[in-house]
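Side chains included, hydrogens not; waters and symmetry mates left out as well; all remaining heavy atoms used. This one's a predicted model, so the numbers in the text were calculated from it and none came from an experiment.
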Amino acid sequence: MDGLQPQREPELLTHRDGLLDSGDAVHANQDIPADDNEEPDDPAALKRKRWRRIRRTVYVLAGLFIVLPILAFFIAYQFVPVPSAEEVSASLGQPVTYYFGNNEVMYQDIGAKGNRQILTYDQIPDPVKHAVYAAEDATFETNAGFDIKGILGAAWHQVTGGSGGGSTITQQYIKQATGNDQHSYLRKALELVKAYKMNRQQSKHDIITAYLNIVYFGRGAYGVGAAAKAYFNTDVARLSPEQSAYLAGLIQGPGRSENGAYVSRRWNYVMDRMVEHNWYPAAERQSATMPAVIPYDSNKTDYL
């Protein structure tokens with residue numbers, strides 16, 4: 001036994017690397033998947049790898065820009081408060097403070113309460129409502145408190161350096177009722193959530209009535225009732241469609257109420273939009289003229 005060589009034990013099939021002939025090696029390597037870091041020779045495999053990476057990127061982006069915002073929206077919905085018309089009415093007597101662009105106080109309107117006339121829904125005529133819809137939110141009666149098309153349009157204006165907002169009447173009411181007009185994405189996001197929640201909790205009648213009772217028209221007039229007196233020395237129930245369009249056009253820029261060119265441009269815009277939505281006869285539009293207003297502050301004691 002001492003002179004005999006020990007027998008070599010048979011190789012396991014899993015360790016036959018050194019025993020394979022060249023043909024076997026080719027077949028064996030076909031079963032080994034290519035490393036993701038290695039560039040496969042097969043164009044089809046390279047294409048599959050590229051599309052796999054694209055799909056993964058799309059999934060990540062979908063999570064960041066679709067799933068997470070939707071989740072955040074519904075979480076915020078559970079906690080954000082919505083101002084009621086009663087709460088806003090109770091605060092109408094508070095002084096109104098005006099600021100310069102650097103946030104320094106310009107002046108404080110102590111008599112703001114006297115410049116308001118609180119109206120009910122039935123006291124506001126349809127031409128006034130329609131003019132405001134035409135000027136600020138034509139889909140008010142049917143939207144969910146916000147308008148996706150308007151939001152996308154506003155975002156496009158931001159990107160391209162243009163101007164124009166995408167706020168609905170409900171969103172504008174939220175901003176004015178809360179007094180929060182900071183230019184931030186967080187404020188706009190919370191405003192959108194609050195508008196949606198308000199739209200689900202309150203009727204359209206209540207929202208438009210509350211809005212028209214607090215919105216500022218210039219000349220120290222808060223609410224359409226005071227505005228009718230400040231510009232035409234008349235009761236809101238007697239406003240003509242042309243006068244209603246005049247007031248509605250001021251909502252976007254009440255500080256420019258005495259700028260004739262601006263007021264004329266806005267009046268024509270509102271009138272055309274009223275025709276577009278069948279709130280004013282097209283046959284009468286060509287002959288319609290912008291109504292004359294009373295001189296500034298000429299009847300201030302009447303509506304203070």
Side-chain angles (χ1 to χ4, degrees), residues 85 88-89 92-93 96 109 111-138 140 169 172-173 176 204-275 277-304:
V88 175
S89 296
L92 293 183
V96 178
D109 187 357
K113 183 176 181 180
N115 292 4
R116 303 180 191 269
Q117 180 183 355
I118 306 302
L119 304 171
T120 64
Y121 180 82
D122 293 334
Q123 290 176 313
I124 304 173
D126 285 342
V128 172
K129 299 167 191 168
H130 293 160
V132 173
Y133 296 162
E136 299 297 317
D137 182 8
F140 171 77
I169 284 175
Q172 292 181 42
Y173 172 74
Q176 297 198 37
K204 292 289 187 179
H205 287 188
D206 290 340
I207 295 172
I208 189 60
T209 302
Y211 175 78
L212 288 176
N213 277 326
I214 70 170
V215 68
Y216 184 54
F217 289 88
R219 292 196 174 187
Y222 297 86
V224 70
K229 288 287 187 180
Y231 289 92
F232 302 109
N233 194 27
T234 189
D235 185 78
V236 66
R238 297 180 179 179
L239 288 173
S240 67
E242 294 78 14
Q243 291 173 326
S244 299
Y246 188 103
L247 295 180
L250 295 173
I251 294 175
Q252 189 177 99
R256 304 168 72 179
S257 62
E258 309 312 307
N259 183 324
Y262 172 79
V263 172
S264 176
R265 184 169 66 252
R266 289 293 297 165
W267 180 79
N268 280 291
Y269 169 79
V270 177
M271 290 290 288
D272 290 341
R273 293 274 286 173
M274 290 174 69
V275 172
H277 293 280
N278 298 316
W279 292 323
Y280 189 84
E284 299 179 20
R285 173 66 183 97
Q286 295 300 320
S287 60
T289 57
M290 191 170 72
V293 298
I294 63 175
Y296 183 74
D297 274 357
S298 63
N299 71 335
K300 191 170 183 179
T301 55
D302 289 340
Y303 62 89
L304 281 177

Participant: Among Val224, Val236, Val215, Val132, whose side chain to side chain contact (heavy atoms under 4.5 Å, CB included) with Leu247 holds?
Facilitator: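 Only one option passes, and that is Val224.
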Participant: As an exercise, state the distance from OG1 of Thr209 to CD1 of Ile214, rounded to the nearest 0.5 Å.
Facilitator: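 Taking OG1 in Thr209 and CD1 in Ile214, the distance rounds to 11.5 Å.
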Participant: Quick one: side-chain contact (heavy atoms from CB on, under 4.5 Å) partners of Ala134, sequence neighbours excluded?
Facilitator: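 Ala134 satisfies side-chain contact (heavy atoms from CB on, under 4.5 Å) with Val270, Arg273, Met274, Trp279 once adjacent residues are dropped.
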Participant: Restricting to non-hydrogen atoms, name the atom on Glu136 and the atom on Gln252 that form the minimum distance, rounded to 0.1 Å.
Facilitator: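 Distance-wise, the nearest heavy atoms are OE2-N, 3.9 Å.
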Participant: Calculate, to the nearest 0.5 Å, the distance between atoms CZ and OH belonging to Arg285 and Tyr280 respectively.
Facilitator: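 It comes to 7.5 Å.
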Participant: Looking at Asp235 and Ala228, what are the two nearest heavy atoms and their distance?
Facilitator: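 Scanning both residues, the minimum pair turns out to be C-CB, 4.2 Å.
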Participant: Where is the tightest heavy-atom contact between Ala131 and Ala248, given as atom of each residue plus distance?
Facilitator: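 Smallest interatomic distance, heavy atoms only, reads O-CB, 3.4 Å.
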Participant: Just to verify, what does Tyr121 make a ring-ring contact (aromatic ring centres under 6.0 Å, His included) with, not counting sequence neighbours?
Facilitator: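 For Tyr121 the ring-ring contact (aromatic ring centres under 6.0 Å, His included) partners, ignoring immediate neighbours, are His205.
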Participant: Within the structure provided, determine whether Tyr211 and Asp137 are in side-chain contact (heavy-atom separation under 4.5 Å).
Facilitator: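 Counting from C-beta outward, Tyr211 and Asp137 never come under 4.5 Å.
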Participant: Looking at Pro125, Pro127, Pro291, which one forms a side chain to side chain contact (heavy atoms under 4.5 Å, CB included) with Pro241?
Facilitator: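 Among the candidates, only Pro127 passes.
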Participant: Looking at every heavy atom in both Ser244 and Leu239, which two are closest together, and how far apart are they?
Facilitator: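 Where Ser244 meets Leu239 most closely, the heavy atoms are OG-CB, 3.8 Å.
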Participant: Under the side chain to side chain contact (heavy atoms under 4.5 Å, CB included) criterion, do Leu119 and Leu212 qualify, and how do the steps go?
Facilitator: CA-CA 8 Å; Leu119 304 171; Leu212 288 176; over 6 Å; no
Participant: Before you tell me yes or no, could you show the steps for Phe232 and Tyr246 under ring pair (Phe, Tyr, Trp, His ring centres under 6.0 Å), namely the whole-Å CA-CA distance, both residues' side-chain angles and the distance that decides it to 0.1 Å?
Facilitator: CA-CA 10 Å; Phe232 302 109; Tyr246 188 103; 5.6 Å; yes
Participant: Which heavy atom of Val263 sits nearest to which heavy atom of Arg256, and what is that distance?
Facilitator: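 Closest heavy-atom pair between Val263 and Arg256: CG2-O, 3.7 Å.
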Participant: Do Tyr296 and Glu258 come within less than 4.5 Å of each other through their side chains, counting heavy atoms only?
Facilitator: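 They are in side-chain contact.
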Participant: Could you measure the distance from the CG atom of Asn213 to the CD atom of Gln176? Nearest 0.5 Å is fine.
Facilitator: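 Separation between the atoms: 12.0 Å.
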Participant: Search all heavy atoms of Ser257 against all heavy atoms of Tyr231 and return the closest pair with its distance.
Facilitator: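 Heavy-atom minimum between the residues: CB-OH, 3.2 Å.
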